[in-house]
Asker: 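Quick one: the structure is below, questions incoming.
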Protein chains: 2
Amino acid sequence: MPDRRPLVVYENPPINEALEASKKAISEQKTLILVGNCWADYRGRASSKLEPGERILIIKEDGSVSVHKSKGYEPVNWQPPGCLFQSYMDNGALAIKAIKQKPREALTVCFDKVYLLSVLSLIDEGQFILYASEEEMQKAILLQPSIIEEGLKPITYEKKVEPGFIDVYGIDKDGRMVVIEIKRKTAGKEAVLQLAKYVESIKTSVNREIRGILVAPQIAKGAQKLLVTLGLGYKPLDPKKCTEILRKTETKKLAAFFK
Amino acid sequence: MPDRRPLVVYENPPINEALEASKKAISEQKTLILVGNCWADYRGRASSKLEPGERILIIKEDGSVSVHKSKGYEPVNWQPPGCLFQSYMDNGALAIKAIKQKPREALTVCFDKVYLLSVLSLIDEGQFILYASEEEMQKAILLQPSIIEEGLKPITYEKKVEPGFIDVYGIDKDGRMVVIEIKRKTAGKEAVLQLAKYVESIKTSVNREIRGILVAPQIAKGAQKLLVTLGLGYKPLDPKKCTEILRKTETKKLAAFFK
DNA sequence: GAGTGGATTTCGCAT
DNA sequence: ATGCGAAGTCCACTC
């Protein structure tokens, strides 16, 4: 009969008990938290060594691993989802080895003292939604081109050209062609150069005046200069405004637009 | 008198107790782990919403935050180090708000059920060492140029030229100039183009034959083609071998070489 | 302080 | 499967 409790906790378990509990948790594909004194070795795309110290180890249901120090939001050592595990005693220490194929790499974490071991059965159906991505900004522009400039008429989006994709492509109020490159965050030189490439690419195929507009919430100082040098335009656009536009637009209209 | 125990654990604490314990832990700059049913909202560079579900929240000593779902090694929501915190009751739920300036952003996590709350005082002096970085590979080549090819004599390293820095620069057994570009992982087109730029840059200043060699553990298929087209060379080099070479070389010799 | 480039980047999407 | 570009990228280093 499966354990329906959301979690089991062991405080200061002996190493051999910790080994048994870890093996069980991993074989049952549960989430495992271990807190204690540990060291780690990683071999794969690079090699790394983590000397002994007190840390948090998390092994998740999907076979991903992370070792957290008491500082920094990123793990000091990790392994992506899909690992195979081996747990065993190594000179009196609890060793957990997480092996991943493709790329072939292995992370071994050893504990000589476990302060806390917890086995979790997390039920999580809640969705995660991220707003105002580059795509959301693009949709907002297509739905309400006036946020860029009055009289702009979008023709296509994600148009394939030689160096990549053009975010939005249209005609301005005076009938000139417009190419828009969108950045969801501060635009740097790369963004300006990318836009320049798109404009150049179109110029060679269509012998006509092209306006390039960089759309982003902000622009870096160096990028601004480059923009002027290359004769390109810039229009600031707040991602929050895009979120608002999308919120105000009914789902049906959106679906029809992007079908 | 400070609590010297490495950790305190509360199982299924009432929400108000969880609030008190969280406030205390955060004010004392300890590491806090919360497991329970929660939801989260993020406002900042983008906006995100995480609907209710059972997850793990970690707040570290340095004011970093991560919310982990039961899958994926990366957090679903997070906040970099240096946050300010507000904890309060919100409609019967425990709310923890992590605010960061620069960029201005806030993450709010609310719990209506806490299964586990643990306050940790982690002592971690252990160092983390990552082997076989690009720099380590460069050192290995300078110490043992024969791993690239017999008769190679390095002249300089990190030589400044127009587009950037050349990793290693030397003379081959036939007296021809050699430019080496190192990548610690699979080399892509960018690496080939970078090397090509360096070679071109030198060709213009020195009117002499130049050999460009790309050194990397692997090379992408597209990059391989480009390499052939541009008439450049490629030498596979395992970063682990570099680590070995450096391990075999005494620290003194290294210090003398790079002084 | 801002800009630039690397990362055991990861992740997703298109080819 | 592979390759390319984006990310709330983060992070470290340079200017």
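Note that the coordinates shown come from a computational prediction; the quantities given were computed from them, not determined experimentally. Convention: sequence-line order gives letters A, B, ...; per-chain numbering from 1.
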Asker: Between B:K60 and A:G72, is there a donor-acceptor pair closer than 3.5 Å when you use the side chain of the first and the backbone of the second?
Answerer: yes

Asker: For residues B:V65 and B:I58, determine if any side-chain heavy atom of one lies less than 4.5 Å from a side-chain heavy atom of the other.
Answerer: no

Asker: Using the C1' atom in both, what is the distance from C:dT9 to C:dG5, to the nearest Å?
Answerer: 13 Å

Asker: How long is the line joining CD1 of A:I182 and P of D:dG5, in whole Å?
Answerer: 17 Å

Asker: Identify whether any heavy atom of B:F128 sits under 4.0 Å from a base atom; if not, whether one sits that close to sugar-phosphate; answer base, sugar-phosphate or nothing.
Answerer: base

Asker: Nearest whole angstrom, please: distance from the C1' of C:dT8 to the CD1 of B:I129.
Answerer: 15 Å

Asker: Distance-only, no hydrogens or angles: does the A:K100 side chain make a donor-acceptor pair with backbone N or O of A:L107 under 3.5 Å?
Answerer: no

Asker: Just so I know, are the side chains of A:K97 and A:L84 near enough to count as touching, which here means a heavy-atom distance under 4.5 Å?
Answerer: no

Asker: Of A:L107 and A:P81, whose closest DNA chain C nucleotide lies nearer the 5' terminus?
Answerer: A:L107

Asker: In whole angstrom, give the distance that lies between atom CG of A:D62 and atom C1' of C:dC11.
Answerer: 14 Å

Asker: Enumerate the residues from residues 68-80 of chain A whose closest heavy atom to DNA chain D is under 4.0 Å, giving them by residue number; use none for an empty result.
Answerer: A:Y73, A:E74

Asker: If the cut-off is 4.0 Å, is B:K183 near the phosphate of C:dG6, judged by side-chain N/O to OP1 or OP2?
Answerer: yes

Asker: Please state how far atom CD in B:E105 lies from atom P in D:dA7, giving the value in whole angstrom units.
Answerer: 15 Å

Asker: What is the distance from CG of B:L130 to P of D:dC11, rounded to the nearest Å?
Answerer: 15 Å

Asker: For the backbone of A:A216 and the side chain of A:Y234, can you confirm whether one donor and one acceptor N or O come within less than 3.5 Å of each other?
Answerer: yes

Asker: Which part of the nucleic acid, if any, lies within contact of A:K102, taking any heavy atom under 4.0 Å across all strands shown: a base, the sugar-phosphate backbone alone, or nothing?
Answerer: sugar-phosphate

Asker: Relative to each other, are the rings of A:W78 and B:Y73 parallel, tilted or perpendicular (30° and 60° limits)?
Answerer: parallel

Asker: Over how many whole Å does the gap from B:K225 atom NZ to D:dG3 atom P extend?
Answerer: 10 Å

Asker: Are side-chain N/O atoms of A:S48 and A:D41 paired as donor and acceptor at under 3.5 Å?
Answerer: no

Asker: Taking the same atom, C1', in D:dG5 and in D:dT9, what whole-Å distance lies between them?
Answerer: 13 Å

